[in-house]
Amino acid sequence: MTESPADDCIFCRIVRGELSTELIAESEHNVAFRDVHPQAPVHVLVVPRRHFAALRDVGPGDWLITADALTLASRVASEQGLYAGGYRVITNDGPDAGQTVPHLHFHVLGGTMLQPGLG
Ligand code: AMP
């Protein structure tokens, strides 16, 4: 049987429950868990259950999944108490952006004054 690229994908394994990662929130199309190397007091990853290598692989028919991801990111921010101070949601696509895990994910960062700017 041919292996899918998602078979040994670390985030696919988390989605399938093969690792001990605790999910802090879930929705129909996405899961959320804490980043193992947090860059802020609150650093959560929102990850589609379906494997996309990066944002560039999301097609026009997949909008339900990405809309659901952003909705879950906002819900996580609320549940983590970030609405008062604000928060940031970002995705990295490709090496220039610093993407290290080739499965689409959105970082939810907050709980402190974040570095200004986007680059
Ligand atoms: P990026 O650099 O945008 O691809 O982000 C990948 C993020 O995934 C990094 O912030 C890592 O710390 C995080 N990460 C990698 N493996 C795990 C894991 N098993 N559980 C939680 N976070 C992880």
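FYI, side chains are in, hydrogens and waters are out, and symmetry mates aren't considered; it's all heavy atoms of this structure. Count residues from 1 along the sequence. Note that ligands are numbered from 1 as they come in the structure, with each ligand's atoms numbered from 1 the same way.
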Checklist outcome for this item: Only one of Leu70, Val76, Val44 passes side-chain contact (heavy atoms from CB on, under 4.5 Å) with Val89, and that residue is Leu70

Checklist outcome for this item: Under 4.0 Å from one or more heavy atoms of Leu45, ligand 1 contributes atoms 8 (O), 13 (C), 22 (N)

Checklist entry - Near Arg34, which atoms of ligand 1 are under 4.0 Å from a heavy atom of that residue? => result 21 (C)

Checklist entry - Considering distance alone, does some N or O of Gly98 sit under 3.5 Å from an N or O of ligand 1? => result yes

Checklist entry - In the protein, which heavy atom is nearest to atom 4 (O) of ligand 1, and how far is it? => result Thr100 N, 2.7 Å

Next on the checklist: Suppose we measure from atom 5 (O) of ligand 1 to each protein heavy atom; which comes out shortest, and what is that distance?
Outcome noted: His105 NE2, 3.0 Å

Checklist entry - How far does CG of Leu114 sit from CD1 of Ile90, to the nearest 0.5 angstrom? => result 9.5 Å

Checklist entry - With backbone taken as N, CA, C and O and side chain as the heavy atoms from C-beta onward, which portion of Phe106 lies under 4.0 Å from ligand 1: side chain, backbone, both, or neither? => result neither

Checklist entry - For atom 23 (C) of ligand 1, which candidate among Val36, Leu19, Leu104, Val47 holds the nearest heavy atom? => result Val36

Item to check | Proximity winner for atom 13 (C) of ligand 1, if only heavy atoms of Asn92, Thr91, Asp35 are counted | outcome: Asp35

Item to check | Within-shell test, His107 vs ligand 1, heavy atom, strictly < 4.0 Å | outcome: yes

Next on the checklist: Less than 4.0 Å is my threshold; does some heavy atom of Val101 fall inside it relative to ligand 1?
Outcome noted: yes

Next on the checklist: With a 4.5 Å cut-off on side-chain heavy atoms, are Asp57 and Leu104 touching?
Outcome noted: no

Checklist entry - Are side-chain heavy atoms of Phe106 and Leu72 found at a separation under 4.5 Å? => result no

Next on the checklist: Under 6.0 Å between ring centres: does that hold for His105 and Phe11?
Outcome noted: yes

Checklist entry - Thinking salt bridges, do Arg49 and Glu28 make one under a 4.0 Å N-O criterion? => result no

Checklist entry - Between His43 and His107, what is the ring plane arrangement, given parallel below 30°, perpendicular above 60°, and tilted in between? => result tilted

